[in-house]
Amino acid sequence: MTIQQHPAGESTTATPVAQGAYWRVGGFVFTNTHHGTGPDGALVAPDDCERQLEQALANLGRTLRAAGSAPERVVKIVYYVRDAAELPDHARLAWFVDCWPESSVVELRTLAPGVRVEIEAVATLEAA
């Protein structure tokens with residue numbers, strides 16, 4: 001089994017600082033949490049779960065591509081949200097068009113101020 005660690009901030013310059021870290025283990029990629037920060041590192045739309053989720057998914061997509069995977073290869077995703085009632089289904093449906101990975105939603109009231117959602121994912125390195 002091959003294990004490769006890719007720390008945040010290395011060679012994924014399109015991904016904001018403190019995001020973009022991942023592990024490649026065997027045929028899988030395990031990402032760290034991604035949140036709704038733009039390329040400048042600033043949180044987009046504080047207290048707006050939908051806009052933050054859209055940005056977090058875009059950030060996750062960049063990390064997956066840097067790892068040699070892709071959004072359509074996600075097999076498991078975890079959403080950490082301040083309030084589960086705020087998590088918009090339509091934003092997730094728009095991103096996962098050809099697949100619907102297993103998912104978990106965890107309410108976490110200790111997210112940083114203004115942060116409404118963070119995500120982490122497991123994806124395959126090859127198409128199924």
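What you see below is based on every heavy atom in this structure, not just the backbone, and it leaves out hydrogens, waters and symmetry mates.
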Please report the closest heavy-atom contact between [X] and [Y], naming both atoms and the distance.
X: V74; Y: P101; answer: O-CB, 3.3 Å
X: S69; Y: T124; answer: OG-O, 2.5 Å
X: A45; Y: R51; answer: CB-NH1, 3.6 Å
X: S103; Y: Y79; answer: CB-CE1, 3.9 Å
X: Q52; Y: D47; answer: NE2-N, 3.3 Å

*Side chains of N59 and Q55: do they bring a donor and an acceptor to under 3.5 Å?*
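Yes - a donor-acceptor pair under 3.5 Å links their side chains.
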*With sequence neighbours left out, what residues match E86 under side chain to side chain contact (heavy atoms under 4.5 Å, CB included)?*
C49, D83, R116
[X] side chain to [Y] main-chain N or O, any donor-acceptor pair under 3.5 Å?
X: R73; Y: L125; answer: yes
X: R109; Y: R82; answer: yes
X: T31; Y: E120; answer: no

*Gap between atom CD of E118 and atom CG of L53 - 0.5 Å precision*: 12.0 Å
*asked:* For the NE2 atom of H34 and the CD1 atom of I77, what is their distance to the nearest 0.5 Å?
replied: 10.0 Å
*Which ILVMFWY residues are connected to Y80, directly or by a chain of links, through side-chain heavy atoms under 4.5 Å apart?*
L43, V78, V106, L108, L111, V115
*Give a yes or no on whether V44 and V117 share a hydrophobic cluster (residues Ile, Leu, Val, Met, Phe, Trp, Tyr; joining criterion: side-chain heavy atoms under 4.5 Å apart).*
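V44 does not cluster with V117.
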